[in-house]
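A quick write-up on the structure given underneath.
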Amino acid sequence: QVQLVESGGGLVQPGGSLRLSCAVSGRTSIRYSMGWFRQAPGKEREFVAAISWRGSDTADADYVKGRFTISRDNAKNTVSLQMNSLKPEDTAVYYCAAVPSPGPPTTVREYNYWGQGTQVTVSS
């Protein structure tokens with residue numbers, strides 16, 4: 001089993017940047033694809049970005065393309081999400097997820113493991 005812990009959330013002004021991190025522990029030797037999802041109050045959890053086990057393949061939601069970048073460091077067992085040009089509509093709880101798949105898959109139902117989430121608030 002794998003455990004995921006997100007960090008790096010907080011309050012940022014529109015146009016600002018924030019970097020989220022996901023620490024992975026447990027059976028880290030398994031070839032996991034990793035994903036970032038977000039959920040705002042009253043809305044369904046939605047896909048943000050995903051990366052394959054090797055890091056060679058990535059996928060991004062249309063509403064974050066050109067602004068967010070997902071990356072991973074398997075040696076350090078971490079996955080990051082660099083968020084630039086943040087907008088108020090980016091405000092949500094951001095979740096890190098993992099699945100033993102060559103992927104990367106892009107839907108909530110395809111992921112097995114989830115972190116507890118970290119709050120990102122974009123407001124002036």
Side-chain angles (χ1 to χ4, degrees):
Q1 191 173 3
V2 64
Q3 292 80 46
L4 310 175
V5 180
E6 304 94 333
S7 63
L11 176 64
V12 63
Q13 295 185 5
S17 298
L18 205 61
R19 186 177 181 86
L20 305 183
S21 181
C22 176
V24 184
S25 62
R27 299 186 64 185
T28 57
S29 61
I30 296 178
R31 298 179 179 180
Y32 290 106
S33 283
M34 304 294 296
W36 284 98
F37 294 79
R38 67 187 185 186
Q39 186 168 24
K43 297 183 179 180
E44 294 186 352
R45 191 167 300 185
E46 64 181 11
F47 171 72
V48 175
I51 188 167
S52 65
W53 176 72
R54 293 184 181 277
S56 56
D57 297 313
T58 61
D60 305 293
D62 289 340
Y63 36 82
V64 305
K65 282 187 181 298
R67 301 189 299 121
F68 293 7
T69 302
I70 188 171
S71 62
R72 69 190 301 164
D73 187 337
N74 289 346
K76 296 182 179 180
N77 296 322
T78 59
V79 180
S80 298
L81 182 69
Q82 178 65 47
M83 304 184 293
N84 300 323
S85 302
L86 284 162
K87 306 174 181 179
E89 51 262 44
D90 293 320
T91 296
V93 176
Y94 282 70
Y95 296 90
C96 178
V99 62
S101 168
T106 59
T107 64
V108 170
R109 69 177 64 183
E110 292 176 287
Y111 285 82
N112 302 121
Y113 306 101
W114 295 84
Q116 80 290 346
T118 185
Q119 177 71 47
V120 172
T121 302
V122 185
S123 176
S124 59

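- For L81 against V48, the heavy-atom pair with the smallest separation is CD2-CG1, 4.1 Å.
- Here T121 contributes atom OG1 and L86 contributes atom CG; the two are 11.0 Å apart, rounded to the nearest 0.5 Å.
- The two residues P105 and F47 make their nearest non-hydrogen contact at O-CE1, 4.3 Å.
- To the nearest 0.5 Å, atoms CD (Q119) and OG1 (T91) are separated by 7.5 Å.
- Pairing each heavy atom of N112 with each of P100, the nearest pair is OD1-CD, 3.1 Å.
- Within the 4.5 Å cutoff, the side chain of V108 has heavy atoms near those of the W114 side chain.
- Cluster membership check: F68 does not share its hydrophobic cluster with Y111, using side-chain heavy-atom separations under 4.5 Å among Ile, Leu, Val, Met, Phe, Trp and Tyr.
- Surrounding NZ of K65 are more than 12 heavy atoms belonging to other residues, nucleotides or ligands, all under 6.0 Å away.
- No single ILVMFWY cluster, assembled from side-chain heavy atoms under 4.5 Å apart, contains both W53 and I70.
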Residues R19, S80; criterion side-chain contact (heavy atoms from CB on, under 4.5 Å); working and verdict: CA-CA 7 Å; R19 186 177 181 86; S80 298; 3.4 Å; yes
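- In this structure, A98 and M34 approach most closely via the heavy-atom pair CB-SD, 3.4 Å.
- Between the D57 side chain and the P104 main chain, no donor and acceptor come within less than 3.5 Å of each other.
- L18 CG to Q13 CD: the interatomic distance, rounded to the nearest 0.5 Å, is 12.5 Å.
- Considering only heavy atoms from C-beta on, D90 stays 4.5 Å or farther from M83 through its side chain.
- S101 contributes no side-chain N or O that, together with a main-chain N or O of S33, makes up a donor-acceptor pair within less than 3.5 Å.
- By the criterion of side-chain heavy atoms lying less than 4.5 angstrom apart, applied directly or through intervening Ile, Leu, Val, Met, Phe, Trp or Tyr residues, V93 is not grouped with L4; the two fall into different hydrophobic clusters.
- Of the possible polar contacts, one joining the E6 side chain to the Q116 backbone as a donor-acceptor pair under 3.5 Å is found.
- For Y94, there are no ring pair (Phe, Tyr, Trp, His ring centres under 6.0 Å) partners, not counting sequence neighbours.
- In plain terms, the two heavy atoms of F37 and T106 that are nearest each other are CE2-O, 3.9 Å.
- Here D60 contributes atom CG and W36 contributes atom CH2; the two are 13.5 Å apart, rounded to the nearest 0.5 Å.
- Among residues two or more places apart in sequence or in another chain, the side-chain contact (heavy atoms from CB on, under 4.5 Å) test is passed with S124 by P14.
- With rounding to the nearest 0.5 angstrom, the CZ atom of R72 is 9.5 Å from the SG atom of C22.
- Minimum heavy-atom separation, S17 to N84: OG-OD1, 2.9 Å.
- Each of V99 and V24 belongs to its own hydrophobic cluster when Ile, Leu, Val, Met, Phe, Trp and Tyr are linked at side-chain heavy-atom distances under 4.5 angstrom.
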Test side-chain contact (heavy atoms from CB on, under 4.5 Å) applied to T118 and S7, step by step: CA-CA 6 Å; T118 185; S7 63; 5.8 Å; no
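- The environment of E44 atom CD is sparse: at most 12 non-hydrogen atoms of other residues, nucleotides or ligands sit within 6.0 angstrom.
- In this structure, CZ on R38 lies 6.0 Å from OH on Y63, to the nearest 0.5 angstrom.
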